[in-house]
Trainee: 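One structure, pasted below without further comment.
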Amino acid sequence: LSQVDATLPDSSPLREALQKAGLAISYAFIDGRRSEIEKVYENLGVRSLSSLASLLKDADPEVRLFAVNVFSRIRSAFG
């Protein structure tokens, strides 16, 4: 999301959608649907690698662990 945010002009109507997407992901984590989110990333396969790589730089160790778990699942799925 931060990569998309960096490319949007301040006046872009997409900025609201970006904020809502971030909020939805946060709620999903809080609601205990972490494994469902991992599965979405896994199904995206190589298309999710750039997003996952940015999560590895997050300050929160749980976010970094999430990214590592998904990388592992993708690697297992694609050999």
Trainee: At their closest point, which heavy atom of F66 faces which heavy atom of E38, and how far apart are they?
Mentor: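 Heavy atoms only, the tightest pair is CE1-CG, 3.2 Å.
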
Trainee: Can you give me the closest heavy-atom contact between A67 and L55, atom names plus distance?
Mentor: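 Nearest heavy atoms, A67 then L55: CB-CB, 3.8 Å.
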
Trainee: Identify whether the distance between the nearest side-chain nitrogen and carboxylate oxygen of K39 and E42 falls below 4.0 Å.
Mentor: yes

Trainee: What pairs with F71 under ring-ring contact (aromatic ring centres under 6.0 Å, His included), at least two apart in sequence or on another chain?
Mentor: none

Trainee: Identify whether L49 and V63 are in the same connected component of the hydrophobic contact network (ILVMFWY, side-chain heavy atoms under 4.5 Å).
Mentor: yes

Trainee: Report whether L56 and I37 are members of the same hydrophobic cluster (ILVMFWY, side-chain heavy atoms less than 4.5 Å apart, transitive linking).
Mentor: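 Yes, same cluster.
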
Trainee: Which residue pairs pass the salt bridge (charged side-chain N to carboxylate O under 4.0 Å, His left out) test with at least one member in residues 52-61, sequence neighbours excluded?
Mentor: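 Counting only pairs at least two positions apart or across chains, no salt bridge (charged side-chain N to carboxylate O under 4.0 Å, His left out) contact touches residues 52-61.
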
Trainee: Would you say the side-chain atoms of S72 pair up with the backbone N or O of V68, donor to acceptor, closer than 3.5 Å?
Mentor: no

Trainee: Does P61 reach the side chain of R64, with side-chain heavy atoms less than 4.5 Å apart?
Mentor: yes

Trainee: Measuring from atom CD1 of I74 to atom CG of N69, what distance do you get when rounded to the nearest 0.5 angstrom?
Mentor: 11.0 Å

Trainee: Can you tell me how far CZ of R73 sits from CG of N43, rounded to the nearest 0.5 angstrom?
Mentor: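 It is 9.0 Å, given to the nearest 0.5 Å.
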
